[in-house]
Participant: 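Before we start, here is the structure in question, set down as structure tokens.
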Amino acid sequence: MTVAAEPQALNFECETGNYHTFCPISCVAWLYQKIEDSFFLVIGTKTCGYFLQNAMGVMIFAEPRYAMAELEEGDISAQLNDYEELRRLCEQIKKDRNPSVIVWIGTCTTEIIKMDLEGLAPRLEAELGIPIVTARANGLDYAFTQGEDTVLAAMAARCPEKAPVAQEEKDERNAISKLMNFGRKKEDVKASDSEYKDHPPLVLFGSLPDPVVTNLTLELKKQGIKVDGWLPAKRFTELPVLEEGYYVAGVNPFLSRTATTLMRRRKCKLIGAPFPIGPDGTRAWIEKICSVFNIEPQGLDEREAQIWEGLEEYVKLIRGKSVFFMGDNLLEVSMARFLIRCGMTVQEIGIPYMDKRYQAAELALLEKTCREMNSPLPTIMEKPDNYNQLQRIYELKPDLVITGMAHANPLEARGITTKWSVEFTFAQMHGFTNSRDILELVTRPLRRNDNLKDLGWEKLVRDEAIV
Amino acid sequence: MKLAYWMYAAPAHIGTLRVATSFKNVHAIMHAPLGDDYFNVMRSMLSRERDFTPVTTSVVDRHVLSRGSQEKVVDNITRKDAEEHPDLIVLTPTCTSSILQEDLANFVQRASLEAKADVLLADVNHYRFNEMQAADRTLQQIVQFYIEKARKKGNLVTEKTAKPSVNIIGISTLAFHNNHDCTELKKLMGDLGITINAIIPEGANVDELRSLPQAWFNLAPYRELGPMTTDYLAAEFGMPCVDITPMGVVETARCIRKIQTILNAGGADVNYEDFINEQTIHVSQAAWFSRSIDCQNLTGKKAVVYGDATHAAAITKILSREMGIHVVWAGTFCKPDEEWFRKEVEGYCDEVIISDDHGLIGDRIASSEPSAIFGTQMERHVGKRLNIPTGVISAPIHVQNFPIGYKPFLGYEGTNQVVDLIYNSFTLGMEDHLLEIFGGHDTKEVITKGISADSDLGWNKEAQAELNKVPGFVRGKVKRNTEKFARDRGQNVITLEVMYAAKEAVGA
């Protein structure tokens, strides 16, 4: 393998190239499902709408809780009044769907025509009597998963400022604790509160499927840490209380804007931890939260060891193999760190955007992991150039390329094993238990190819077709 | 602003890119923000393309927005020129970047000074054109560009080929069953003794375009891609065009007869009547199917048809004329083609619907209660909800429209495939009988299947139980008819009595 002379520190580069990732408005696809009483209105062009409908594979069949406000020529040339137009559409939505919140997703086009969504929203909100949250999930400033970041940052401003006084009331509000205490008597619940150690309130941020939310909440409960709420919650009306001085921790690596908003606007204290991806990351995440609360973590060694033991059948398939991240969903650093811990070599970490401050703890863990695993430190390539990356892939011949959908089939046709990065975006991958699912995905192409290896069908294009 | 949940036609740049990437050795540069470049994903994921899609995005980001593209687009064009040596580079904006009002024509001019390739700006209004119109326009633009270039260089080929020859115009990537249609057309032309001069744009080199005029005629099977090009070639060179879609036995024969007329007018002496007869009666199974016992059971069954203009019109004619199926309404989302569409389906259906509102189409399907739907993926989904079988006959494309097996819609093999699709979409003949005889085997709890409003009527226990006994495939119809009956008479609760009265009144 032709890895350049081993660098002593992580090597950050930025190609500012022509690269492909999904549009940040994709976040609508998972956020509308997560926030059950919401309606997402994407204000953009046909290009945006067709993307959601077609490339994302999210066929808008059942008139779900999202739609396009399709900008037409009259909107672009400012012949129509933006306020009146949006009012007409939102009234329709209120009538048809009656959501608890309408989230306006601004796009590149609203940026270019300088539509003042933030200015229009409060007026319309007052007129309609429905909260309107505005997020600028545009492709001029953001990539793919960062769309979630823009929405959560906007929602952070809507979290209640004061906790309700009565404890009972609070229990009622908190859907998760209710769920966890399901079927238990009130006295038991009171008693179980004492299972928690005394610590300042903690709110977690990042959109995860409900089973994963429960899972991570329970992992922290094992350490006596009580999660006071999640941003986002299952319902907009259940957004967590954020008082000054509350602690917050992120679960996704692409939420730097939300983190900043929580710190600066809501005066919360950010716990900068690696992300709970893989057993190593999950452990580090819990440890960091514990350390901030001066809690001695219990049984984490055993827990992590036990998870690794269960993963061994997968790990042995990838140990010693190499992986190349072309860069797509901003989960790359966490994934790379976990795969290096599994014994893989990472040749390049492409990533659309690298916030070194928000990801500082994750980067430190990556470096530490490389040292401990005696693995070369990978180059982190921000805003990569896909063409150049392909040349590097041909040269390095990685065992696995984790890539966006545009390059997957052409690479496979050239005998290069791939996995779609998008699958990780939609998989349940956080926490100890779900580590298995990450490796199930990572090893699937290797297992598939192993099944077919005797057929000699590695390269399915003619030589001259290789670019 | 328009509240939109679903689009039947893609935005304009998709049409332009479909044409550009169909050609061999043509590269497209998109001037667009991150995320607008999902065309590449569609090629890789929907049509399982093995090669990298020759489209590069010159990324429009915050810097470009504030300072303009400056050298970026020009640099990207010349870079691709050096890296991939394409014959032609097509530059296109998207809806988004077209409003930046950057002088893309100027970029193209500057880049063409340096690049070895030809450089062209796709000339499309992104807010007025949809995918189909843009594709049609871009193809015509590229053809015109190379005809004029050849004229200047003096290497235009206008002398007709010695033997009858044809240009097949309108086959492209990411289009509905186009690859299989193309194979079938090639076979058909071979059977007719006609040489293929060119197939554009799919798989063609731009250098072939200067030889287009040497063909005896153009064949443009699709309304959605080709007519602008054939019009241009007719105006420039007086080239005749066959624009009859050879879909279905009758239309295929009509298409072949038109070809015959053109060839004979051009000095050939061909008679295809025996060929048509042989194919119709003995080779294709479609005509025989129409006379078979199976097809008898389809007589008078109700169907609705919706899709792009070409496919919706052709399928309507097949259903009505070749199978005796009652087409309640036929519709298309190709609004600019309204006049053509109405003329084509006149006399083959009760009503014509021109609309791209999927909600309206869904409601009209629900209220028509057809036995089968022929539509797009969207109508397939509507059919699922209403428990009405659906055959997909038209774009917007979906991964299912790239079947691995051979499934053309055109030509004589196409007639077989279409028959299979239609026949299998209806509840099968014998199955239908058995259900009627034995009262159905579906005892599932009833689900309301109305698309629009939920029922405000209550069913009492006995009536509900009775309703559950009705076979699943007609249960929705019985329910709706009974409710309509009750509503008309101002009754709020449906009892057994009401149900029977309704049955007597409407024959439900």
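Reminder, nothing fancy here: chain letters follow the sequence lines and each chain counts from 1.
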Participant: Check each atom of A:Tyr19 against the heavy atoms of chain B and say whether the ones under 4.5 Å are side chain, backbone, both or neither.
Facilitator: both

Participant: Could you tell me which portion of A:Leu71 (side chain, backbone, both or neither) has an atom closer than 4.5 angstrom to a non-hydrogen atom of chain B?
Facilitator: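 Contact with chain B: backbone and side chain both.
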
Participant: Against chain B, label A:Leu41 side chain, backbone, both or neither, depending on which of its atoms sit under 4.5 Å from a heavy atom there.
Facilitator: side chain

Participant: Taking atom types as modelled and ignoring hydrogens, do the side chains of A:Glu15 and A:Asn388 form a donor-acceptor contact shorter than 3.5 angstrom?
Facilitator: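 Per modelled atom types, A:Glu15 and A:Asn388 side chains form a pair under 3.5 Å.
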
Participant: Could you tell me if B:Arg137 sits above the aromatic ring of B:Phe129, with its cationic atom closer than 6.0 Å to the ring centre and no more than 45 degrees from the axis?
Facilitator: no

Participant: So which part of B:Thr56 gets closer than 4.5 Å to some heavy atom of chain A, the side chain, the backbone, both or neither?
Facilitator: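 Just the side chain, heavy atoms under 4.5 Å.
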
Participant: Heavy-atom pairs under 4.5 Å with chain A: which of B:Asp61, B:Val60, B:Asp37, B:Leu46 has the most?
Facilitator: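 It is B:Asp37.
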
Participant: Return the orientation label for the A:Phe51 and B:Tyr38 ring planes: parallel under 30°, perpendicular over 60°, tilted otherwise.
Facilitator: tilted

Participant: Give me the ring orientation class for B:Tyr5 and A:Phe39: parallel if the planes are under 30° apart, tilted from 30 to 60°, perpendicular past 60°.
Facilitator: perpendicular

Participant: Using only heavy-atom distances, determine whether the side chains of A:Gln92 and A:Asp96 contain a donor-acceptor pair under 3.5 Å.
Facilitator: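 Result is yes, a qualifying pair exists.
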
Participant: Pick whichever of A:Thr109, A:Leu89, A:Ile113 has the most heavy-atom pairs under 4.5 Å with chain B.
Facilitator: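 Looking at each of A:Thr109, A:Leu89, A:Ile113 in turn, A:Leu89 comes out on top.
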
Participant: Side chain, backbone, both or neither: which part of A:Leu460 has an atom under 4.5 Å from a heavy atom of chain B?
Facilitator: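 The answer is both parts of A:Leu460.
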
Participant: Begin from the C-alpha positions of B:Asp36 and A:Thr47 and carry the test side chain to side chain donor-acceptor pair (under 3.5 Å) through to its verdict.
Facilitator: CA-CA 7 Å; B:Asp36 270 9; A:Thr47 302; 5.0 Å; no

Participant: How far does CH2 of A:Trp30 sit from CZ of A:Phe426, to the nearest 0.5 angstrom?
Facilitator: 5.5 Å

Participant: Once you round to the nearest 0.5 Å, how far does CG of A:Asp149 lie from CZ of A:Phe144?
Facilitator: 14.0 Å

Participant: Select one option (side chain, backbone, both, neither) describing which atoms of B:Arg79 are under 4.5 Å from chain A's heavy atoms.
Facilitator: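 Side chain only.
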
Participant: Taking side chain as everything from C-beta outward and backbone as N, CA, C, O, which of these in A:Asp385 sits under 4.5 Å from a heavy atom of chain B? Side chain, backbone, both or neither.
Facilitator: side chain

Participant: Quick one: what part of B:His126 sits under 4.5 Å from any heavy atom of chain A, side chain, backbone, both or neither?
Facilitator: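 Contact with chain A is absent: no heavy atom of B:His126 under 4.5 Å.
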
Participant: Between B:Gly35, B:Ser97, B:Ser44, B:Cys95, which shows the greatest number of heavy-atom pairs under 4.5 Å with chain A?
Facilitator: B:Ser44

Participant: Highest number of heavy-atom pairs under 4.5 Å with chain B: which of A:Pro410, A:Ser77, A:Gly139, A:Gly404?
Facilitator: A:Pro410

Participant: What orientation do B:Phe52 and A:His407 show, parallel under 30°, tilted 30 to 60°, or perpendicular over 60°?
Facilitator: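 Judged by the thresholds at 30° and 60°, the geometry between B:Phe52 and A:His407 is tilted.
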
Participant: Before we go on, tell me: are the rings of B:Tyr8 and B:His358 under 6.0 Å apart, centre to centre?
Facilitator: no

Participant: Among B:Arg43, B:His63, B:Glu83, single out the residue with the greatest number of heavy-atom pairs under 4.5 Å to chain A.
Facilitator: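 Max contact count across the listed options: B:Glu83.
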
Participant: Please confirm whether B:Lys80 makes a cation-pi placement over A:Tyr387, using NZ or CZ under 6.0 Å from the six-membered ring centre and within 45° of the ring normal.
Facilitator: yes

Participant: Specify which of A:Asp82, A:Asp141, A:Thr21, A:Ile43 makes the most heavy-atom pairs with chain B at under 4.5 Å.
Facilitator: A:Asp141

Participant: Under 4.5 Å heavy-atom distance to chain B, tell me which part of A:Leu86 shows up: side chain, backbone, both or neither.
Facilitator: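 Backbone plus side chain of A:Leu86, per the 4.5 Å heavy-atom cut-off to chain B.
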
Participant: Could you look at B:Leu65 and say if it's the side chain, the backbone, both or neither that has a heavy atom under 4.5 Å from chain A?
Facilitator: side chain

Participant: Would you say the side chains of B:Thr57 and A:His20 form a donor-acceptor pair under 3.5 Å?
Facilitator: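 There is no such pair between these side chains.
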
Participant: Using heavy-atom distances under 4.5 Å, tell me whether A:Asn18 contacts chain B through its side chain, its backbone, both, or neither.
Facilitator: both

Participant: Please classify the contact of B:Ala32 with chain A as side chain, backbone, both or neither, using a heavy-atom distance under 4.5 Å.
Facilitator: neither

Participant: With a 4.5 angstrom heavy-atom cut-off, could you sort out which part of A:Asn386 is near chain B: side chain, backbone, both or neither?
Facilitator: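 Neither the backbone nor the side chain of A:Asn386 comes within 4.5 Å of chain B.
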
Participant: If we define contacts as heavy-atom pairs under 4.5 Å, which of B:Asn40, B:Thr96, B:Thr94 has the most with chain A?
Facilitator: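 Between B:Asn40, B:Thr96, B:Thr94, the count favours B:Thr96.
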
